[in-house]
Amino acid sequence: MANRSCLLLLALLSLSIQAVAALIATCSRSNVVFVGGLSEDLSSTKLSNEFDRYGTVVDVSIINGGGKQQPYAFVQFESSESAQAAIESAQSISFKQVKAARPIDRSKRKRSNTSREKREAELQHLRDVCSRTNLILQVQSTHVDRVKEFLTQYISKNESIELAVEGQSRSSVKNISLVFVSTSDPISLANALSKSEHMEIIARAVRKLHIVQPGAVEADMSQAEGCDIVVKDLTRNKIESCDALESVRLQIFPPSCQGKVIAAMDALDDNVLAAKLNPRDATETISLVQVYKHNGKSSVTSTDALVMCGVSKSINDYSIHRECPKTAKEGISRAYFKIKEAVSRYESERVDFSMESYRDCIAIDCGSAPGGWTKYLARDAKMKIVHSVDPGYLDPAIEVDNNVNHMRMKIQEAIPSLKSKIQHDKDKIKVFVSDACLHSMSAQADFLLDAKHQGILADEVFFVLSLKCTIGHGKATFDAQVEQTVRNLKDRAEISDLSIFHLFSNRIGERTIIGTLK
(Lines give C-alpha, C1' and ligand atoms only; values in the text may rest on other atoms or scores of the structure.)
Protein backbone atom coordinates (compact mmCIF):
# COMPACT_ATOMS: atom_id res chain seq x y z
CA MET A 1 0.00 0.00 0.00
CA ALA A 2 2.85 2.33 0.89
CA ASN A 3 4.67 1.47 -2.35
CA ARG A 4 1.53 2.20 -4.33
CA SER A 5 1.17 5.66 -2.67
CA CYS A 6 4.81 6.50 -3.37
CA LEU A 7 4.42 5.56 -7.01
CA LEU A 8 1.30 7.75 -7.29
CA LEU A 9 3.13 10.68 -5.67
CA LEU A 10 6.10 10.29 -8.03
CA ALA A 11 3.73 10.23 -11.03
CA LEU A 12 2.00 13.44 -9.92
CA LEU A 13 5.36 15.10 -9.30
CA SER A 14 6.51 14.11 -12.77
CA LEU A 15 3.35 15.60 -14.30
CA SER A 16 3.83 18.85 -12.34
CA ILE A 17 7.41 19.15 -13.54
CA GLN A 18 6.28 18.56 -17.10
CA ALA A 19 3.55 21.23 -16.75
CA VAL A 20 6.03 23.77 -15.39
CA ALA A 21 8.45 22.95 -18.17
CA ALA A 22 5.66 23.36 -20.74
CA LEU A 23 4.70 26.72 -19.21
CA ILE A 24 8.31 27.92 -19.31
CA ALA A 25 8.61 26.75 -22.90
CA THR A 26 5.36 28.49 -23.81
CA CYS A 27 6.44 31.75 -22.18
CA SER A 28 9.79 31.56 -23.88
CA ARG A 29 8.02 31.30 -27.21
CA SER A 30 5.77 34.26 -26.49
CA ASN A 31 6.18 37.32 -28.67
CA VAL A 32 4.61 39.55 -26.00
CA VAL A 33 6.59 41.28 -23.24
CA PHE A 34 5.15 42.63 -20.00
CA VAL A 35 6.61 46.00 -18.95
CA GLY A 36 5.94 47.31 -15.43
CA GLY A 37 6.56 50.56 -13.59
CA LEU A 38 5.78 53.07 -16.35
CA SER A 39 5.58 56.81 -15.79
CA GLU A 40 2.17 58.53 -16.08
CA ASP A 41 3.11 60.60 -19.14
CA LEU A 42 4.78 57.83 -21.17
CA SER A 43 3.13 57.48 -24.58
CA SER A 44 2.75 54.33 -26.66
CA THR A 45 4.99 55.81 -29.36
CA LYS A 46 7.86 56.47 -26.96
CA LEU A 47 7.54 52.99 -25.49
CA SER A 48 7.54 51.47 -28.97
CA ASN A 49 10.68 53.43 -29.86
CA GLU A 50 12.37 52.09 -26.70
CA PHE A 51 11.83 48.48 -27.75
CA ASP A 52 12.12 48.58 -31.54
CA ARG A 53 15.90 48.13 -31.22
CA TYR A 54 15.20 44.46 -30.47
CA GLY A 55 12.90 43.85 -33.42
CA THR A 56 9.73 44.99 -35.14
CA VAL A 57 7.08 46.11 -32.65
CA VAL A 58 3.56 45.15 -33.77
CA ASP A 59 1.47 46.66 -30.99
CA VAL A 60 1.81 48.53 -27.68
CA SER A 61 -1.01 48.46 -25.13
CA ILE A 62 -0.62 50.75 -22.10
CA ILE A 63 -2.87 49.96 -19.14
CA ASN A 64 -3.66 52.84 -16.82
CA GLY A 65 -3.05 51.98 -13.19
CA GLY A 66 -5.75 52.41 -10.59
CA GLY A 67 -5.14 54.24 -7.30
CA LYS A 68 -1.47 53.97 -6.34
CA GLN A 69 -0.72 51.41 -9.06
CA GLN A 70 1.62 52.62 -11.79
CA PRO A 71 0.72 52.12 -15.45
CA TYR A 72 2.02 48.99 -17.15
CA ALA A 73 2.11 47.75 -20.72
CA PHE A 74 2.24 44.79 -23.08
CA VAL A 75 4.62 45.11 -26.03
CA GLN A 76 3.99 42.70 -28.89
CA PHE A 77 6.86 41.88 -31.26
CA GLU A 78 6.69 40.33 -34.69
CA SER A 79 8.69 37.33 -33.47
CA SER A 80 9.32 35.54 -30.17
CA GLU A 81 13.08 35.95 -30.76
CA SER A 82 12.73 39.73 -30.58
CA ALA A 83 10.72 39.43 -27.36
CA GLN A 84 13.37 37.16 -25.84
CA ALA A 85 16.11 39.62 -26.83
CA ALA A 86 14.25 42.41 -25.02
CA ILE A 87 13.86 40.27 -21.90
CA GLU A 88 17.54 39.30 -21.87
CA SER A 89 18.50 42.98 -22.16
CA ALA A 90 16.15 44.05 -19.38
CA GLN A 91 19.00 45.39 -17.28
CA SER A 92 19.74 48.05 -19.90
CA ILE A 93 16.12 49.20 -20.13
CA SER A 94 14.96 51.83 -17.63
CA PHE A 95 11.81 50.05 -16.45
CA LYS A 96 11.16 48.29 -13.15
CA GLN A 97 10.12 45.00 -14.70
CA VAL A 98 10.44 43.40 -18.15
CA LYS A 99 9.42 39.77 -18.54
CA ALA A 100 7.68 37.39 -20.89
CA ALA A 101 3.91 37.66 -20.94
CA ARG A 102 2.01 34.41 -20.89
CA PRO A 103 -0.05 34.03 -24.08
CA ILE A 104 -3.78 34.16 -23.37
CA ASP A 105 -6.42 32.37 -25.39
CA ARG A 106 -8.59 35.36 -26.25
CA SER A 107 -11.48 33.09 -27.24
CA LYS A 108 -11.84 32.17 -23.54
CA ARG A 109 -12.09 35.81 -22.47
CA LYS A 110 -15.68 36.21 -23.65
CA ARG A 111 -16.54 39.17 -21.45
CA SER A 112 -13.39 41.07 -22.35
CA ASN A 113 -13.78 40.32 -26.05
CA THR A 114 -17.43 41.35 -26.06
CA SER A 115 -16.59 44.68 -24.42
CA ARG A 116 -13.73 45.27 -26.83
CA GLU A 117 -15.82 44.41 -29.89
CA LYS A 118 -18.62 46.70 -28.72
CA ARG A 119 -16.17 49.57 -28.23
CA GLU A 120 -14.61 49.01 -31.66
CA ALA A 121 -18.06 48.97 -33.27
CA GLU A 122 -19.00 52.23 -31.54
CA LEU A 123 -15.71 53.78 -32.58
CA GLN A 124 -16.21 52.77 -36.20
CA HIS A 125 -19.74 54.20 -36.11
CA LEU A 126 -18.36 57.48 -34.76
CA ARG A 127 -15.73 57.56 -37.53
CA ASP A 128 -18.55 57.24 -40.06
CA VAL A 129 -20.48 60.05 -38.32
CA CYS A 130 -17.38 62.28 -38.39
CA SER A 131 -16.95 61.65 -42.11
CA ARG A 132 -20.26 63.47 -42.72
CA THR A 133 -20.13 66.13 -39.99
CA ASN A 134 -19.17 69.77 -40.47
CA LEU A 135 -20.74 71.38 -37.37
CA ILE A 136 -20.50 70.20 -33.75
CA LEU A 137 -22.63 71.51 -30.88
CA GLN A 138 -21.50 71.30 -27.26
CA VAL A 139 -24.72 70.44 -25.45
CA GLN A 140 -25.74 69.87 -21.87
CA SER A 141 -26.30 66.10 -21.72
CA THR A 142 -29.85 66.36 -20.33
CA HIS A 143 -30.88 68.51 -23.32
CA VAL A 144 -29.55 66.43 -26.23
CA ASP A 145 -32.92 65.16 -27.45
CA ARG A 146 -34.42 68.65 -27.21
CA VAL A 147 -31.55 70.14 -29.22
CA LYS A 148 -31.91 67.54 -31.97
CA GLU A 149 -35.65 68.18 -32.18
CA PHE A 150 -35.10 71.95 -32.20
CA LEU A 151 -32.61 71.70 -35.07
CA THR A 152 -34.67 69.46 -37.31
CA GLN A 153 -38.16 70.82 -36.61
CA TYR A 154 -37.56 74.51 -35.86
CA ILE A 155 -34.28 75.86 -37.25
CA SER A 156 -34.40 73.87 -40.49
CA LYS A 157 -37.89 75.20 -41.17
CA ASN A 158 -37.58 78.80 -39.98
CA GLU A 159 -34.13 79.52 -41.39
CA SER A 160 -34.58 77.50 -44.62
CA ILE A 161 -31.32 75.66 -44.00
CA GLU A 162 -30.90 72.04 -45.00
CA LEU A 163 -29.36 70.00 -42.20
CA ALA A 164 -29.19 66.52 -40.74
CA VAL A 165 -28.32 65.39 -37.24
CA GLU A 166 -25.75 62.66 -37.85
CA GLY A 167 -25.32 61.47 -34.27
CA GLN A 168 -24.26 62.25 -30.73
CA SER A 169 -21.67 61.17 -28.16
CA ARG A 170 -20.79 61.85 -24.55
CA SER A 171 -17.63 63.87 -24.09
CA SER A 172 -14.86 63.54 -21.54
CA VAL A 173 -16.24 66.66 -19.80
CA LYS A 174 -18.89 66.00 -17.15
CA ASN A 175 -22.50 66.67 -18.25
CA ILE A 176 -21.45 67.73 -21.76
CA SER A 177 -22.37 65.81 -24.92
CA LEU A 178 -21.56 66.50 -28.55
CA VAL A 179 -24.18 66.65 -31.30
CA PHE A 180 -22.90 66.10 -34.85
CA VAL A 181 -24.60 67.98 -37.70
CA SER A 182 -24.12 68.01 -41.46
CA THR A 183 -25.30 70.97 -43.51
CA SER A 184 -24.59 72.54 -46.88
CA ASP A 185 -23.64 75.83 -45.20
CA PRO A 186 -22.24 75.42 -41.65
CA ILE A 187 -21.37 79.11 -41.26
CA SER A 188 -24.95 80.19 -42.06
CA LEU A 189 -26.30 77.61 -39.63
CA ALA A 190 -23.89 78.72 -36.89
CA ASN A 191 -24.84 82.35 -37.48
CA ALA A 192 -28.54 81.45 -37.39
CA LEU A 193 -28.17 79.67 -34.05
CA SER A 194 -26.27 82.68 -32.72
CA LYS A 195 -29.17 85.06 -33.43
CA SER A 196 -30.58 86.67 -30.32
CA GLU A 197 -34.07 85.21 -30.79
CA HIS A 198 -32.65 81.69 -31.00
CA MET A 199 -30.08 82.20 -28.26
CA GLU A 200 -32.88 83.09 -25.87
CA ILE A 201 -34.29 79.61 -26.51
CA ILE A 202 -31.19 77.41 -26.67
CA ALA A 203 -28.94 79.21 -24.18
CA ARG A 204 -29.92 76.78 -21.43
CA ALA A 205 -28.75 73.82 -23.54
CA VAL A 206 -26.01 74.75 -26.03
CA ARG A 207 -22.61 75.98 -24.86
CA LYS A 208 -20.57 76.41 -28.04
CA LEU A 209 -20.58 75.68 -31.79
CA HIS A 210 -17.59 74.30 -33.72
CA ILE A 211 -17.29 74.48 -37.51
CA VAL A 212 -15.15 71.53 -38.64
CA GLN A 213 -14.13 69.70 -41.80
CA PRO A 214 -15.48 66.16 -42.29
CA GLY A 215 -13.22 63.36 -41.06
CA ALA A 216 -11.38 62.66 -37.82
CA VAL A 217 -7.72 62.40 -36.80
CA GLU A 218 -6.65 59.58 -34.48
CA ALA A 219 -5.04 61.50 -31.63
CA ASP A 220 -5.38 62.28 -27.92
CA MET A 221 -5.12 66.01 -27.21
CA SER A 222 -4.53 65.43 -23.51
CA GLN A 223 -1.04 64.24 -24.53
CA ALA A 224 1.60 66.48 -26.08
CA GLU A 225 2.21 63.84 -28.74
CA GLY A 226 -1.48 63.89 -29.71
CA CYS A 227 -1.47 67.68 -30.03
CA ASP A 228 1.56 67.42 -32.34
CA ILE A 229 -0.39 65.01 -34.57
CA VAL A 230 -3.45 67.27 -34.66
CA VAL A 231 -1.52 70.48 -35.38
CA LYS A 232 0.50 68.83 -38.17
CA ASP A 233 -2.69 67.48 -39.75
CA LEU A 234 -4.23 70.94 -39.44
CA THR A 235 -1.37 72.69 -41.22
CA ARG A 236 -1.00 70.02 -43.90
CA ASN A 237 -4.61 69.21 -44.74
CA LYS A 238 -6.90 71.95 -43.42
CA ILE A 239 -4.95 75.19 -44.02
CA GLU A 240 -3.79 75.97 -47.53
CA SER A 241 -1.21 78.48 -46.29
CA CYS A 242 -0.54 79.78 -42.79
CA ASP A 243 0.74 83.00 -44.36
CA ALA A 244 -2.73 83.59 -45.84
CA LEU A 245 -4.29 83.71 -42.37
CA GLU A 246 -4.72 87.19 -40.91
CA SER A 247 -5.55 86.58 -37.25
CA VAL A 248 -6.78 83.42 -35.59
CA ARG A 249 -9.05 82.48 -32.68
CA LEU A 250 -8.74 79.01 -31.16
CA GLN A 251 -11.79 77.03 -30.05
CA ILE A 252 -10.51 73.95 -28.22
CA PHE A 253 -12.61 71.24 -26.61
CA PRO A 254 -11.99 70.25 -23.94
CA PRO A 255 -10.52 73.66 -22.97
CA SER A 256 -7.92 72.02 -20.70
CA CYS A 257 -6.02 70.94 -23.84
CA GLN A 258 -5.48 74.50 -25.11
CA GLY A 259 -2.05 74.95 -23.51
CA LYS A 260 -0.70 71.77 -25.13
CA VAL A 261 -2.15 72.77 -28.52
CA ILE A 262 -0.49 76.20 -28.40
CA ALA A 263 2.79 74.54 -27.38
CA ALA A 264 2.50 72.25 -30.41
CA MET A 265 1.94 75.30 -32.64
CA ASP A 266 4.99 76.98 -31.12
CA ALA A 267 7.03 73.88 -31.95
CA LEU A 268 6.30 74.10 -35.68
CA ASP A 269 9.35 74.83 -37.79
CA ASP A 270 8.13 78.20 -39.11
CA ASN A 271 6.12 79.15 -35.97
CA VAL A 272 3.82 81.21 -38.23
CA LEU A 273 0.55 79.81 -36.93
CA ALA A 274 1.27 80.61 -33.26
CA ALA A 275 2.18 84.16 -34.21
CA LYS A 276 -1.27 84.63 -35.81
CA LEU A 277 -3.23 83.94 -32.60
CA ASN A 278 -5.40 86.96 -31.78
CA PRO A 279 -8.71 86.02 -30.10
CA ARG A 280 -10.04 89.59 -29.85
CA ASP A 281 -9.76 90.59 -33.51
CA ALA A 282 -9.82 87.20 -35.23
CA THR A 283 -10.77 86.83 -38.88
CA GLU A 284 -10.54 83.03 -38.84
CA THR A 285 -11.52 80.45 -36.27
CA ILE A 286 -9.68 77.18 -35.75
CA SER A 287 -11.75 74.53 -34.00
CA LEU A 288 -10.20 71.39 -32.51
CA VAL A 289 -12.66 69.00 -30.81
CA GLN A 290 -11.83 65.78 -28.99
CA VAL A 291 -14.89 63.83 -30.10
CA TYR A 292 -13.85 60.52 -28.55
CA LYS A 293 -11.42 59.24 -25.94
CA HIS A 294 -11.54 55.86 -24.27
CA ASN A 295 -11.14 56.34 -20.53
CA GLY A 296 -11.28 52.74 -19.35
CA LYS A 297 -8.46 50.74 -17.81
CA SER A 298 -7.86 48.77 -20.99
CA SER A 299 -5.33 49.79 -23.58
CA VAL A 300 -5.09 53.42 -24.63
CA THR A 301 -3.62 53.81 -28.08
CA SER A 302 -3.87 56.45 -30.80
CA THR A 303 -6.88 54.60 -32.27
CA ASP A 304 -8.77 55.01 -28.98
CA ALA A 305 -9.06 58.79 -29.44
CA LEU A 306 -10.52 60.92 -32.26
CA VAL A 307 -10.22 64.65 -32.96
CA MET A 308 -12.11 66.74 -35.50
CA CYS A 309 -10.52 69.92 -36.88
CA GLY A 310 -11.76 72.89 -38.83
CA VAL A 311 -10.83 76.34 -40.11
CA SER A 312 -13.58 78.80 -40.95
CA LYS A 313 -13.87 82.42 -42.01
CA SER A 314 -15.91 84.03 -39.30
CA ILE A 315 -16.23 87.19 -37.28
CA ASN A 316 -18.23 85.50 -34.51
CA ASP A 317 -17.19 83.68 -31.37
CA TYR A 318 -19.73 80.88 -31.46
CA SER A 319 -20.27 80.78 -27.73
CA ILE A 320 -23.84 80.87 -26.50
CA HIS A 321 -24.13 83.54 -23.82
CA ARG A 322 -26.97 83.62 -21.34
CA GLU A 323 -27.56 86.17 -18.63
CA CYS A 324 -28.79 84.11 -15.67
CA PRO A 325 -30.93 85.73 -12.99
CA LYS A 326 -28.71 87.12 -10.25
CA THR A 327 -31.27 88.77 -7.99
CA ALA A 328 -34.86 88.25 -6.90
CA LYS A 329 -35.90 91.13 -9.17
CA GLU A 330 -34.63 89.20 -12.20
CA GLY A 331 -36.19 85.93 -11.02
CA ILE A 332 -39.05 86.13 -13.52
CA SER A 333 -36.75 85.57 -16.50
CA ARG A 334 -36.83 81.75 -16.58
CA ALA A 335 -40.63 81.63 -16.63
CA TYR A 336 -40.76 84.49 -19.14
CA PHE A 337 -38.47 82.68 -21.59
CA LYS A 338 -40.44 79.45 -21.09
CA ILE A 339 -43.71 80.87 -22.41
CA LYS A 340 -41.91 82.91 -25.04
CA GLU A 341 -40.22 79.76 -26.32
CA ALA A 342 -43.50 77.81 -26.14
CA VAL A 343 -45.44 80.31 -28.25
CA SER A 344 -42.57 80.71 -30.72
CA ARG A 345 -42.32 76.93 -31.21
CA TYR A 346 -46.09 76.64 -31.59
CA GLU A 347 -46.24 79.44 -34.18
CA SER A 348 -43.51 77.68 -36.15
CA GLU A 349 -45.35 74.36 -36.04
CA ARG A 350 -48.83 75.79 -36.78
CA VAL A 351 -48.45 78.10 -39.77
CA ASP A 352 -52.08 79.29 -39.46
CA PHE A 353 -51.57 80.45 -35.84
CA SER A 354 -50.32 83.84 -34.70
CA MET A 355 -50.26 85.17 -31.15
CA GLU A 356 -50.91 88.59 -32.68
CA SER A 357 -54.53 87.51 -33.30
CA TYR A 358 -55.13 87.57 -29.50
CA ARG A 359 -53.97 91.14 -29.04
CA ASP A 360 -56.33 93.22 -26.84
CA CYS A 361 -58.03 90.07 -25.51
CA ILE A 362 -58.43 89.02 -21.88
CA ALA A 363 -56.10 86.39 -20.39
CA ILE A 364 -55.70 84.52 -17.13
CA ASP A 365 -52.35 83.37 -15.72
CA CYS A 366 -52.69 80.70 -12.99
CA GLY A 367 -49.84 80.28 -10.52
CA SER A 368 -48.35 83.49 -11.84
CA ALA A 369 -45.84 84.60 -9.17
CA PRO A 370 -43.28 86.07 -9.56
CA GLY A 371 -44.74 87.13 -12.90
CA GLY A 372 -42.81 85.80 -15.90
CA TRP A 373 -45.84 84.58 -17.83
CA THR A 374 -47.85 87.63 -16.84
CA LYS A 375 -45.06 89.83 -18.16
CA TYR A 376 -45.18 88.08 -21.54
CA LEU A 377 -48.98 88.33 -21.81
CA ALA A 378 -49.15 91.96 -20.69
CA ARG A 379 -46.20 93.37 -22.59
CA ASP A 380 -45.24 91.07 -25.48
CA ALA A 381 -48.70 89.71 -26.39
CA LYS A 382 -50.34 93.05 -25.40
CA MET A 383 -53.41 91.59 -23.72
CA LYS A 384 -56.16 94.03 -22.73
CA ILE A 385 -56.31 92.55 -19.21
CA VAL A 386 -54.25 89.80 -17.57
CA HIS A 387 -55.83 88.26 -14.47
CA SER A 388 -52.69 87.20 -12.64
CA VAL A 389 -53.76 84.58 -10.08
CA ASP A 390 -51.41 83.60 -7.25
CA PRO A 391 -51.45 83.96 -3.44
CA GLY A 392 -47.80 85.04 -3.65
CA TYR A 393 -46.36 88.40 -4.61
CA LEU A 394 -45.70 89.56 -8.15
CA ASP A 395 -42.54 91.36 -9.06
CA PRO A 396 -43.29 95.09 -8.45
CA ALA A 397 -42.13 95.94 -11.96
CA ILE A 398 -44.93 93.76 -13.37
CA GLU A 399 -47.69 94.47 -10.85
CA VAL A 400 -47.69 98.19 -11.66
CA ASP A 401 -48.67 97.57 -15.31
CA ASN A 402 -52.13 99.01 -15.99
CA ASN A 403 -53.34 95.85 -17.75
CA VAL A 404 -52.37 93.49 -14.89
CA ASN A 405 -55.01 92.49 -12.33
CA HIS A 406 -53.25 90.64 -9.52
CA MET A 407 -55.70 88.33 -7.72
CA ARG A 408 -53.95 87.18 -4.54
CA MET A 409 -55.84 83.92 -4.17
CA LYS A 410 -55.85 80.33 -5.43
CA ILE A 411 -57.34 79.46 -8.80
CA GLN A 412 -60.19 77.59 -7.04
CA GLU A 413 -61.19 80.93 -5.49
CA ALA A 414 -60.45 83.05 -8.55
CA ILE A 415 -62.80 81.20 -10.92
CA PRO A 416 -66.04 81.94 -8.97
CA SER A 417 -64.81 85.48 -8.23
CA LEU A 418 -64.37 86.19 -11.94
CA LYS A 419 -67.69 84.52 -12.75
CA SER A 420 -69.50 86.99 -10.52
CA LYS A 421 -67.94 89.94 -12.33
CA ILE A 422 -68.38 88.87 -15.97
CA GLN A 423 -71.45 90.56 -17.45
CA HIS A 424 -70.84 90.27 -21.21
CA ASP A 425 -69.16 87.88 -23.64
CA LYS A 426 -66.52 90.51 -24.36
CA ASP A 427 -65.36 90.17 -20.75
CA LYS A 428 -64.70 86.44 -21.08
CA ILE A 429 -61.21 84.98 -21.14
CA LYS A 430 -59.69 83.97 -24.49
CA VAL A 431 -56.20 82.98 -23.31
CA PHE A 432 -55.71 80.54 -20.40
CA VAL A 433 -52.14 79.80 -19.24
CA SER A 434 -50.90 77.96 -16.18
CA ASP A 435 -47.42 77.24 -14.86
CA ALA A 436 -48.70 76.40 -11.37
CA CYS A 437 -46.96 73.81 -9.21
CA LEU A 438 -49.69 71.30 -8.37
CA HIS A 439 -49.71 67.95 -6.59
CA SER A 440 -51.40 66.27 -9.54
CA MET A 441 -50.55 66.70 -13.22
CA SER A 442 -54.21 66.28 -14.19
CA ALA A 443 -55.16 69.25 -11.97
CA GLN A 444 -53.93 71.64 -14.68
CA ALA A 445 -56.49 70.24 -17.09
CA ASP A 446 -59.15 70.13 -14.35
CA PHE A 447 -58.85 73.88 -13.69
CA LEU A 448 -59.03 74.64 -17.42
CA LEU A 449 -62.22 72.60 -17.81
CA ASP A 450 -63.71 73.99 -14.58
CA ALA A 451 -63.20 77.52 -15.88
CA LYS A 452 -64.99 76.50 -19.08
CA HIS A 453 -67.84 74.88 -17.12
CA GLN A 454 -68.22 77.99 -14.91
CA GLY A 455 -68.65 80.11 -18.04
CA ILE A 456 -65.70 82.49 -17.65
CA LEU A 457 -64.03 81.34 -20.89
CA ALA A 458 -64.89 82.39 -24.43
CA ASP A 459 -66.21 79.89 -27.02
CA GLU A 460 -62.67 79.22 -28.23
CA VAL A 461 -59.76 79.52 -25.82
CA PHE A 462 -56.04 79.33 -26.55
CA PHE A 463 -54.28 77.55 -23.69
CA VAL A 464 -50.73 76.85 -22.55
CA LEU A 465 -50.25 74.42 -19.65
CA SER A 466 -47.10 73.20 -17.90
CA LEU A 467 -47.52 69.54 -16.95
CA LYS A 468 -45.15 68.61 -14.12
CA CYS A 469 -44.48 64.96 -13.33
CA THR A 470 -44.42 64.30 -9.60
CA ILE A 471 -43.92 60.52 -9.65
CA GLY A 472 -41.52 58.19 -11.44
CA HIS A 473 -38.31 59.01 -13.24
CA GLY A 474 -36.91 58.79 -16.75
CA LYS A 475 -37.97 60.33 -20.07
CA ALA A 476 -40.16 57.40 -21.14
CA THR A 477 -42.08 57.47 -17.84
CA PHE A 478 -42.64 61.23 -18.00
CA ASP A 479 -43.75 61.11 -21.65
CA ALA A 480 -46.22 58.33 -20.87
CA GLN A 481 -47.78 60.32 -18.01
CA VAL A 482 -48.18 63.41 -20.20
CA GLU A 483 -49.72 61.41 -23.05
CA GLN A 484 -52.24 59.88 -20.64
CA THR A 485 -53.17 63.32 -19.31
CA VAL A 486 -53.64 64.58 -22.87
CA ARG A 487 -55.84 61.60 -23.77
CA ASN A 488 -58.01 62.24 -20.72
CA LEU A 489 -58.31 65.91 -21.65
CA LYS A 490 -59.39 65.06 -25.20
CA ASP A 491 -61.95 62.57 -23.87
CA ARG A 492 -63.53 65.25 -21.68
CA ALA A 493 -63.54 68.23 -24.06
CA GLU A 494 -63.20 69.26 -27.69
CA ILE A 495 -59.51 70.06 -28.19
CA SER A 496 -57.91 71.06 -31.47
CA ASP A 497 -54.39 71.79 -32.74
CA LEU A 498 -52.74 70.33 -29.63
CA SER A 499 -48.95 70.09 -29.44
CA ILE A 500 -46.64 68.69 -26.76
CA PHE A 501 -43.22 70.26 -26.25
CA HIS A 502 -40.24 69.45 -24.06
CA LEU A 503 -38.87 72.98 -24.04
CA PHE A 504 -35.33 73.97 -23.17
CA SER A 505 -36.84 75.93 -20.29
CA ASN A 506 -38.70 72.84 -19.04
CA ARG A 507 -37.15 70.70 -16.37
CA ILE A 508 -36.51 67.01 -17.06
CA GLY A 509 -39.90 65.93 -15.71
CA GLU A 510 -41.88 68.79 -17.22
CA ARG A 511 -43.70 69.17 -20.55
CA THR A 512 -45.70 72.03 -22.06
CA ILE A 513 -48.94 71.43 -23.95
CA ILE A 514 -50.56 74.04 -26.19
CA GLY A 515 -53.85 73.99 -28.05
CA THR A 516 -57.36 75.34 -28.43
CA LEU A 517 -60.35 74.46 -26.24
CA LYS A 518 -63.75 74.78 -27.93
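Start at 1 with the first residue, then count along the sequence.
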### Task
Apply the test side chain to side chain donor-acceptor pair (under 3.5 Å) to residues Asp380 and Tyr336: give CA-CA distance (whole Å), side-chain angles for both, the deciding distance (0.1 Å), then the verdict.
CA-CA 10 Å; Asp380 294 43; Tyr336 169 78; 2.7 Å; yes
### Task
Please step through side-chain contact (heavy atoms from CB on, under 4.5 Å) for the pair Cys309 and Val230, ending with a clear verdict.
CA-CA 8 Å; Cys309 313; Val230 170; 3.8 Å; yes
### Task
Starting from the C-alpha separation in whole Å, work towards a yes-or-no answer on salt bridge (Lys or Arg N to Asp or Glu O under 4.0 Å) for Arg511 and Glu483.
CA-CA 10 Å; Arg511 304 293 185 269; Glu483 288 168 4; over 6 Å; no
### Residues Leu38, Leu47; criterion side-chain contact (heavy atoms from CB on, under 4.5 Å); working and verdict
CA-CA 9 Å; Leu38 305 183; Leu47 189 59; 4.3 Å; yes
### side-chain contact (heavy atoms from CB on, under 4.5 Å) evaluation trace for Ile161 with Asp185
CA-CA 8 Å; Ile161 298 175; Asp185 191 348; 5.6 Å; no
### Query
Given Val433 and Leu465, is the side-chain contact (heavy atoms from CB on, under 4.5 Å) satisfied, shown in steps?
CA-CA 6 Å; Val433 303; Leu465 306 178; over 6 Å; no
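Contact between Thr183 and Asn134 at its shortest, heavy atoms only, is O-ND2, 2.7 Å. The shortest heavy-atom contact between Met308 and Thr133 is CE-O, 3.6 Å. Nearest heavy atom pair, residue Lys208 against residue His210, reads CD-CE1, 3.6 Å. Nearest heavy-atom pair across Arg507 and Arg146 is O-NH1, 4.3 Å. In this structure, Lys468 and Ala436 approach most closely via the heavy-atom pair NZ-O, 3.8 Å. Closest approach of Ile211 and Ala190 over heavy atoms only: CD1-CB, 4.2 Å.
At distances below 3.5 Å, at least one donor-acceptor pair connects side-chain atoms of Thr283 with backbone N or O atoms of Ser247. A donor-acceptor pair under 3.5 Å links the side-chain atoms of Asn506 to the main chain of Leu503, judged by distance alone. Side-chain atoms of Thr485 come within 3.5 Å of backbone N or O of Gln481 as a donor-acceptor pair. Side chain of Trp373 to main chain of Ser434: no donor-acceptor pair is present (N/O by atom type, distance under 3.5 Å, no hydrogens or angles). When atom types are taken as modelled, the side chain of Glu78 and the backbone of Val57 share no donor-acceptor pair closer than 3.5 angstrom. In terms of modelled atom types and a separation under 3.5 Å, the side chain of Asn49 and the main chain of Thr45 share a donor-acceptor contact. The closest donor-acceptor contact from the side chain of Ser344 to the backbone of Lys340 lies at 3.5 Å or more, if one exists at all. Side-chain atoms of Gln290 come within 3.5 Å of backbone N or O of Tyr292 as a donor-acceptor pair.
Counting heavy atoms from C-beta on, the side chains of Val179 and Ile136 never come closer than 4.5 Å. For the pair Ile339 and Asp435, the minimum side-chain heavy-atom distance is 4.5 Å or more. Put simply, the side chain of Ile508 reaches to within 4.5 Å of the side chain of Phe478, judged on heavy atoms. Put simply, the side chain of Glu166 does not reach to within 4.5 Å of the side chain of Val181, judged on heavy atoms. Looking at Lys293 and Asp220, their side chains come closer than 4.5 Å, going by heavy atoms from C-beta outward. In this structure, the side chains of Gln251 and Thr285 come closer than 4.5 Å at one or more pairs of heavy atoms. Counting heavy atoms from C-beta outward, Thr235 and Leu268 have side chains that approach closer than 4.5 Å. Considering only heavy atoms from C-beta on, Phe337 stays 4.5 Å or farther from Tyr376 through its side chain.
Separation of the Phe432 and Phe462 ring centroids does not fall under the 6.0 Å cut-off.
Of the inter-residue distances, the one linking Tyr358 atom OH with Met383 atom CE reads 9.0 Å to the nearest 0.5 angstrom. For the atom pair CD (Glu347) and OG (Ser354), the distance works out to 5.0 Å, reported to the nearest 0.5 Å. Atom NZ of Lys118 is separated from atom CD of Glu122 by 5.5 Å, given to the nearest 0.5 angstrom. Expressed to the nearest 0.5 Å, how far OG of Ser312 lies from CG of Leu135 amounts to 9.5 Å. Note that CZ of Arg119 is 8.0 Å distant from CG of Leu123, once rounded to the nearest 0.5 Å. To the nearest 0.5 Å, atom CG of residue Leu498 and atom OG of residue Ser496 are 8.5 Å apart.
Using a cutoff of 4.0 Å between basic side-chain nitrogens and carboxylate oxygens, Glu341 and Arg345 are scored as salt-bridged. Using a 4.0 Å cut-off between charged side-chain N and carboxylate O, Glu218 and Arg127 make a salt bridge.
Thr477 and Asp479 share no donor-acceptor pair across their side chains, judged by distance under 3.5 Å alone. Looking at Glu460 and Thr516, their side chains never bring a donor and an acceptor atom within 3.5 Å of each other. Using modelled atom types, one finds no donor on one side chain facing an acceptor on the other under 3.5 Å when comparing Ser368 with Asp365. The closest side-chain donor-acceptor pair between Gln140 and Thr142 falls under 3.5 angstrom. Between the side chains of Glu162 and Ser184, no donor-acceptor pair is found at a separation under 3.5 Å.
By the side-chain contact (heavy atoms from CB on, under 4.5 Å) test, Arg236 pairs with Lys232, sequence neighbours left out. Remark: Phe504 engages Phe150 in a ring-ring contact (aromatic ring centres under 6.0 Å, His included) (not counting sequence neighbours).
Of the options Phe463, Phe353, Tyr154, a ring pair (Phe, Tyr, Trp, His ring centres under 6.0 Å) to Tyr346 is made by Phe353 and by none of the others. Among Leu178, Leu151, Val165, Val144, the one residue that satisfies the side chain to side chain contact (heavy atoms under 4.5 Å, CB included) test with Leu137 is Leu151.
Counting non-hydrogen atoms of neighbouring residues, nucleotides and ligands closer than 6.0 angstrom, the CZ atom of Arg170 reaches no more than 12 such neighbours.
Among pairs with a residue in residues 479-502, none fulfils ring pair (Phe, Tyr, Trp, His ring centres under 6.0 Å), at least two apart in sequence or across chains.
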